[in-house]
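For reference, the structure is listed below as structure tokens.
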Amino acid sequence: MRSLPLGKVYTLLEPGPVVLLSTAFAGQRNVMAMSWHCMLEFEPPLIGCVVSDGNYSHGLLLQSGECVINLPGAALAEQVVGCGNTCGAGLDKFARFGLTPRPARCVGAPLIAECFASIECRVVDTTLLGKYCFFVLEAVHAWISSAAEPPQTIHHRGHGNFMVAGAQLHLPSKMK
Ligand SMILES: Cc1cc2nc3c(=O)[nH]c(=O)nc-3n(C[C@H](O)[C@H](O)[C@H](O)COP(=O)(O)O)c2cc1C
């Protein structure tokens with residue numbers, strides 16, 4: 001893995017992939033699937049996400065104020081769905097689903113070694129937490145695989161249906 005400039009974090013999340021959100025607090029760690037996320041700012045990168053208060057991850061995220069957004073390739077789809085259909089209270093999902101936690105640089109939550117990119121984040125705004133369970137995160141460090149081509153990501157369409165990222169188009173752009 002190599003560091004990814006923070007200004008490029010949006011390129012990972014703009015297509016809306018399903019991600020694995022890892023959290024840790026007071027000796028507990030967890031991972032859940034998440035697809036309700038969106039970019040809010042380029043740099044410093046701000047990311048909005050809904051983490052339901054019915055999820056064990058909600059409390060770990062709120063109490064620690066930190067998390068890692070990990071990007072799985074399509075080969076991890078079954079593990080992702082497993083993490084999205086089990087509760088981490090009393091269950092070590094890393095062991096259950098064969099995911100390897102690795103220490104992050106800036107936050108206490110773990111990176112997931114099997115993922116091709118990871119974004120270390122801190123919670124910076126909880127204004128919409130009570131109404132929507134909406135956290136605003138700031139990316140403080142990002143990692144990307146050194147492999148030439150990133151794997152295809154998966155995109156949730158509801159009820160267990162996923163699209164796998166495919167063909168790309170390149171058109172003239174005025175984006176800096
Ligand atoms: C593909 C997929 C996407 C999901 N996206 C979200 C999401 O954006 N926000 C959320 O709160 N839960 C989402 N979930 C549900 C959680 O992953 C699920 O409730 C999980 O069991 C929570 O784990 P935890 O209780 O260990 O935190 C998603 C589940 C799947 C399968």
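Any value given below was found using the heavy atoms of this structure, including those in side chains, with hydrogens, waters and symmetry copies removed. Since we're looking at a predicted model, the values are computed, not measured. In this chain, numbering begins with 1 at the start of the sequence shown.
Side-chain contact between His58 and Phe135: present, with at least one pair of heavy atoms (C-beta onward) separated by less than 4.5 Å. Under the 4.5 Å side-chain criterion, counting only non-hydrogen atoms from C-beta, Cys49 is in contact with Val51. Pro45 has its side chain out of reach of Tyr10: every pair of non-hydrogen atoms, C-beta onward, lies at least 4.5 Å apart. For the pair Arg122 and Cys106, the minimum side-chain heavy-atom distance is below 4.5 Å. Contact annotation: the side chain of Val107 approaches that of Val68 to within less than 4.5 Å [non-hydrogen atoms, C-beta and beyond]. Residues Val9 and Glu43 have side chains not in contact (no heavy-atom distance under 4.5 Å, counting atoms from C-beta outward). Taking 4.5 Å as the limit, every side-chain heavy atom of Pro72 sits out of range of all side-chain heavy atoms of Gln79. In this structure, the side chains of Leu46 and Met39 stay at 4.5 Å or more apart for every pair of heavy atoms.
Taking CG from Asn55 and CG from Leu60, the interatomic distance works out to 10.5 Å, rounded to the nearest 0.5 Å. For the atom pair Leu13 CG and His37 NE2, the distance stands at 5.5 Å (nearest 0.5 Å). Between atom SG of residue Cys67 and atom CD1 of residue Ile47 there is a gap of 8.0 Å, rounded to the nearest 0.5 Å. Here CZ of Phe134 is found 10.5 Å from CG of Leu129. Values are rounded to the nearest 0.5 Å. Between Leu137 atom CG and Ile119 atom CD1 the span is 9.5 Å, to the nearest 0.5 Å. With values rounded to the nearest 0.5 angstrom, Met1 atom CE is found 9.0 Å from Phe116 atom CZ.
Placement of Leu76 and Phe97 within a single hydrophobic cluster is found when ILVMFWY residues are connected by side-chain heavy-atom separations under 4.5 Å, directly or transitively. In this structure, Met32 is a member of the same hydrophobic cluster as Leu62, with clusters built from ILVMFWY side-chain heavy atoms closer than 4.5 Å. Residues Val123 and Trp36 fall into different hydrophobic clusters, defined by Ile, Leu, Val, Met, Phe, Trp and Tyr side chains chained together at heavy-atom separations under 4.5 Å. Taken together through direct or relayed side-chain contacts under 4.5 Å among Ile, Leu, Val, Met, Phe, Trp and Tyr, Val50 and Val124 form part of one hydrophobic cluster.
Nearest heavy-atom pair across Val164 and Ala74 is CG1-CB, 4.1 Å. Taking all atoms of both residues into account, the shortest heavy-atom contact from Ala24 to Gly108 is CB-O, 3.8 Å. When all heavy atoms are compared, the tightest approach of Leu6 to Ala142 is CD2-N, 4.2 Å. The minimum heavy-atom distance between Ala109 and Ala104, with the atom names listed, is O-CB, 3.4 Å. Minimum interatomic distance between Pro110 and Phe94 (heavy atoms only, all atoms of both residues): CG-CZ, 3.7 Å. A pairwise comparison of heavy atoms in Ser118 and Leu111 identifies CB-CD2, 3.8 Å as the closest pair.
Side-chain atoms of Lys93 never come within 3.5 Å of backbone atoms of Asn30 as a donor-acceptor pair (strictly under, hydrogens ignored). The backbone N or O of Arg105 lies less than 3.5 Å from a partner atom in the side chain of Glu120, making a donor-acceptor pair. Although no hydrogens or angles enter the test, the distance criterion places a donor-acceptor pair under 3.5 Å between the side chain of His155 and the main chain of Pro15. In this structure, the side chain of Asp125 does not engage the main chain of Val136 through any donor-acceptor pair within 3.5 Å. Thr153 contributes no side-chain N or O that, together with a main-chain N or O of Pro17, makes up a donor-acceptor pair within less than 3.5 Å. Within the 3.5 Å criterion, the main-chain N or O of Gly158 finds a donor-acceptor partner in the side chain of Asn161.
For the pair Arg157 and Phe162, the NZ or CZ position fails the cation-pi test of under 6.0 Å to the six-membered ring centre and within 45 degrees of the ring normal.
With Val31 as reference, Ile112 is the one residue of Val80, Ile112, Asn70, Thr86 to meet the side chain to side chain contact (heavy atoms under 4.5 Å, CB included) rule. Put simply, the residue from Leu71, Ile154, Leu12 that forms a side chain to side chain contact (heavy atoms under 4.5 Å, CB included) with Val19 is Leu71.
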field: Check against side-chain contact (heavy atoms from CB on, under 4.5 Å), Arg29 and Ser22
entry: CA-CA 7 Å; Arg29 68 182 182 200; Ser22 53; over 6 Å; no
- request: Determine, step by step, whether Tyr56 and Gln28 satisfy the side-chain contact (heavy atoms from CB on, under 4.5 Å) criterion, reporting the C-alpha distance in whole Å, the side-chain angles of both residues, the deciding distance to 0.1 Å, and the verdict.
  value: CA-CA 10 Å; Tyr56 182 58; Gln28 302 293 311; 3.4 Å; yes
Check against side chain to side chain donor-acceptor pair (under 3.5 Å), Glu66 and Thr23: CA-CA 7 Å; Glu66 298 176 340; Thr23 45; over 6 Å; no
